[in-house]
Amino acid sequence: MADTVDLVWLDATELARLIAVGEVTAIEGVQVHLDRIEALGERVNAFVTVLGEQALAAAAHPRTGPLGGVPFTIKDSFDTEGVRTTRGSSLFADHVPEADATSVARLRAAGGIPLAKTNLPEMSYWTETDNLVAGRSLNLYHVVRRGITCRGAVLPPHARQPTGRTRWASRRSAF
């Protein structure tokens with residue numbers, strides 16, 4: 001198996017290649033990401049629902065395709081069949097869709113394995129990830145600062161909003 005730290009940082013195409021050639025199993029790929037979520041999950045509050053058992057079961061028999069066995073996360077605004085989808089709103093706190101959103105269905109069809117639902121602002125309508133259902137997500141590299149965008153990415157120090165105002169900045173630091 002490849003170094004587990006390296007697996008977390010690989011892009012999807014490289015992880016798919018390693019799985020396809022047998023250097024890594026889909027179960028190993030899913031498990032290393034689940035371990036990372038467990039290690040950092042409560043610290044940053046980025047995940048609304050972790051699909052650990054389902055992901056490991058799917059990894060035992062991964063579908064073939066360009067993403068065969070690669071785990072992926074889903075923003076909680078996208079419907080995911082059988083998985084609570086809150087959209088960050090108390091209006092949808094108990095909503096469990098009967099079908100996948102098109103993008104989720106396509107990722108699954110390509111062989112991807114849903115790993116978790118990620119936090120977002122209520123109805124995706126703000127620049128900071130905070131809502132009454134799951135709470136605030138924090139910057140992984142500086143947890144006392146805000147720093148997660150509505151898309152879940154940590155912003156570099158030079159990042160600005162379209163309005164030109166700098167809302168927050170982050171720097172990588174040892175953790």
Report yes or no: do [X] and [Y] belong to one cluster of Ile/Leu/Val/Met/Phe/Trp/Tyr joined by side chain heavy-atom distances under 4.5 Å?
X      : Y     : value
Val8   : Phe72 : yes
Val30  : Phe47 : yes
Phe78  : Val48 : no
Leu51  : Val32 : no
Leu115 : Val50 : yes

How many angstroms lie between atom [atom1] of [X] and atom [atom2] of [Y], to the nearest 0.5 angstrom?
X     : Y     : atom1 : atom2 : answer
Leu56 : Leu34 : CG    : CG    : 5.5 Å
Leu67 : Leu15 : CG    : CG    : 9.5 Å
Thr25 : Leu18 : OG1   : CG    : 11.0 Å
Glu28 : His33 : CD    : NE2   : 12.5 Å

Task: Thr49 and Val83: CA distance, side-chain angles, deciding distance, side chain to side chain contact (heavy atoms under 4.5 Å, CB included) verdict - done: CA-CA 8 Å; Thr49 305; Val83 179; 4.1 Å; yes
Does [X] use its side chain to pair, donor to acceptor, with the backbone of [Y] at less than 3.5 Å?
X      : Y      : value
Asp76  : Thr118 : no
Arg63  : Gly69  : no
Ser137 : Gly135 : no

- [ ] Take Trp9 and Arg36, measure what side chain to side chain contact (heavy atoms under 4.5 Å, CB included) needs, and give me the verdict at the end.
- [x] CA-CA 11 Å; Trp9 297 104; Arg36 178 78 172 167; 3.7 Å; yes
Looking at [X] and [Y], what are the two nearest heavy atoms and their distance?
X      : Y      : answer
Ser89  : Met123 : CB-SD, 3.9 Å
Leu120 : Lys75  : CB-CD, 3.7 Å
Ala59  : Ala26  : O-CB, 3.5 Å
Pro114 : Ile74  : CB-CD1, 3.8 Å
Ser90  : Val133 : N-CG2, 3.5 Å
Val70  : Ile19  : N-CD1, 4.2 Å

Task: Option passing side-chain hydrogen bond (donor to acceptor under 3.5 Å, both in side chains) with Lys117 (candidates Thr73, Thr86, Thr85) - done: Thr85
Open item on the list: Show, in sequence, the C-alpha distance, side-chain angles and deciding distance for Leu7 and Val24, and conclude whether the side chain to side chain contact (heavy atoms under 4.5 Å, CB included) test is met.
Closed with: CA-CA 9 Å; Leu7 289 180; Val24 173; 3.8 Å; yes
Open item on the list: Checking Arg87 against Asp79 for the side chain to side chain contact (heavy atoms under 4.5 Å, CB included) test, could you report, in this order, the C-alpha distance in whole Å, the side-chain angles of both residues, the deciding distance, and whether it holds?
Closed with: CA-CA 9 Å; Arg87 295 172 173 79; Asp79 283 350; 2.8 Å; yes
Open item on the list: Could you check whether any side-chain heavy atom of Arg136 comes within less than 4.5 Å of a side-chain heavy atom of Val44, counting everything from C-beta outward?
Closed with: no
TODO: State which residues pass side-chain hydrogen bond (donor to acceptor under 3.5 Å, both in side chains) with Asp11; sequence neighbours excluded, sorted by chain then number.
DONE: Thr13
Open item on the list: So, using side-chain hydrogen bond (donor to acceptor under 3.5 Å, both in side chains) as the criterion, who are the partners of Arg84 when residues are at least two apart?
Closed with: none
- [ ] Look at atom CD of Glu14 and say whether more than 12 heavy atoms of other residues, nucleotides or ligands are closer to it than 6.0 Å.
- [x] yes
Task: Asn119 and Asn131: CA distance, side-chain angles, deciding distance, side chain to side chain donor-acceptor pair (under 3.5 Å) verdict - done: CA-CA 8 Å; Asn119 203 3; Asn131 64 63; 2.7 Å; yes
